[in-house]
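Some notes on the structure that comes next.
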Amino acid sequence: MPARQGRPIFLIDIAVPRDVDPAVREVAGCTLVNNPMAWKKLRTTTCTSGKRRWKRRTTFLAEEIELFRARQEQLNVVPTIVCLKRRVEEIRQAEMKRMRRMFGALTP
């Protein structure tokens, strides 16, 4: 992994079904955790300074997950908003047409 300049990478696959190919374990510098028992073992075997880093990383991960969920919720709402805007515009145009028939051409 030349782009990482020798720095290791730690992958956590929490998806069901799994998203990360287990073959990445064969890549030098890659660690993959996709087993809940391995996750627990890894967490309990860290040292004190590692526990602080672990806490920062899990906090970061929780924040990123929350941001992702919020973004997904926003994306799910967009089609509804677009549909509502179209419908409101259709109603507006129909009302304008009806008013023009009733009152003719009015000047501002």
Side-chain angles (χ1 to χ4, degrees):
M1 297 185 323
R4 295 205 45 87
Q5 300 173 352
R7 293 175 292 143
I9 187 166
F10 185 81
L11 303 168
I12 303 169
D13 190 358
I14 58 174
V16 177
R18 301 292 181 210
D19 288 333
V20 180
D21 187 335
V24 300
R25 288 186 177 112
E26 298 170 16
V27 177
C30 282
T31 302
L32 171 64
V33 175
N34 64 2
N35 174 321
M37 294 307 291
W39 176 264
K40 185 175 181 181
K41 181 179 177 185
L42 179 70
R43 184 171 177 218
T44 57
T45 57
T46 57
C47 63
T48 305
S49 65
K51 286 182 182 179
R52 284 193 300 270
R53 286 191 304 254
W54 178 264
K55 185 170 178 135
R56 284 195 311 263
R57 289 174 184 153
T58 55
T59 300
F60 172 77
L61 183 59
E63 290 169 357
E64 289 299 312
I65 289 170
E66 188 54 39
L67 288 171
F68 176 78
R69 283 185 185 154
R71 179 70 178 137
Q72 288 302 110
E73 287 176 15
Q74 290 172 354
L75 292 174
N76 290 336
V77 173
V78 169
T80 304
I81 293 171
V82 169
C83 185
L84 285 171
K85 284 183 175 181
R86 282 187 194 137
R87 183 66 182 130
V88 167
E89 181 60 20
E90 289 170 4
I91 292 169
R92 186 190 71 77
Q93 287 180 8
E95 284 299 307
M96 290 300 292
K97 194 182 275 187
R98 188 172 71 87
M99 289 296 123
R100 284 189 190 109
R101 278 195 308 265
M102 287 175 60
F103 299 110
L106 298 174
T107 59

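One is the number of the first residue; the rest follow in order along the sequence.
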| Nearest-0.5 Å distance, CG of residue N76 to CZ of residue R71 | 10.5 Å
| task | Using a 4.5 Å cut-off on heavy atoms from C-beta on, say whether the side chain of M96 contacts that of M99. | result | no
| request: Report the residues that fulfil side-chain contact (heavy atoms from CB on, under 4.5 Å) with T59, sequence neighbours left out, ordered by chain and then residue number. | output: K55, E63
| query | With L11, which residues qualify under side-chain contact (heavy atoms from CB on, under 4.5 Å), at least two apart? | reply | I9, V20, V24, L32
| field | Partner residues of I81 under the side-chain contact (heavy atoms from CB on, under 4.5 Å) criterion, sequence neighbours left out | value | V77, K85
| field | Any pair counted as salt bridge (Lys or Arg N to Asp or Glu O under 4.0 Å), so long as it reaches residues 87-103, sequence neighbours left out | value | R87-E90, E89-R92, E95-R98
| task | Each residue besides V78 in its hydrophobic cluster should be listed here, by chain and number; the cluster joins Ile, Leu, Val, Met, Phe, Trp and Tyr at side-chain heavy-atom distances under 4.5 Å. | result | V82
| message | Going by the rule side-chain contact (heavy atoms from CB on, under 4.5 Å), which residues pair with D19 if we only count those two or more places apart in sequence or in a different chain? | response | D13, A15
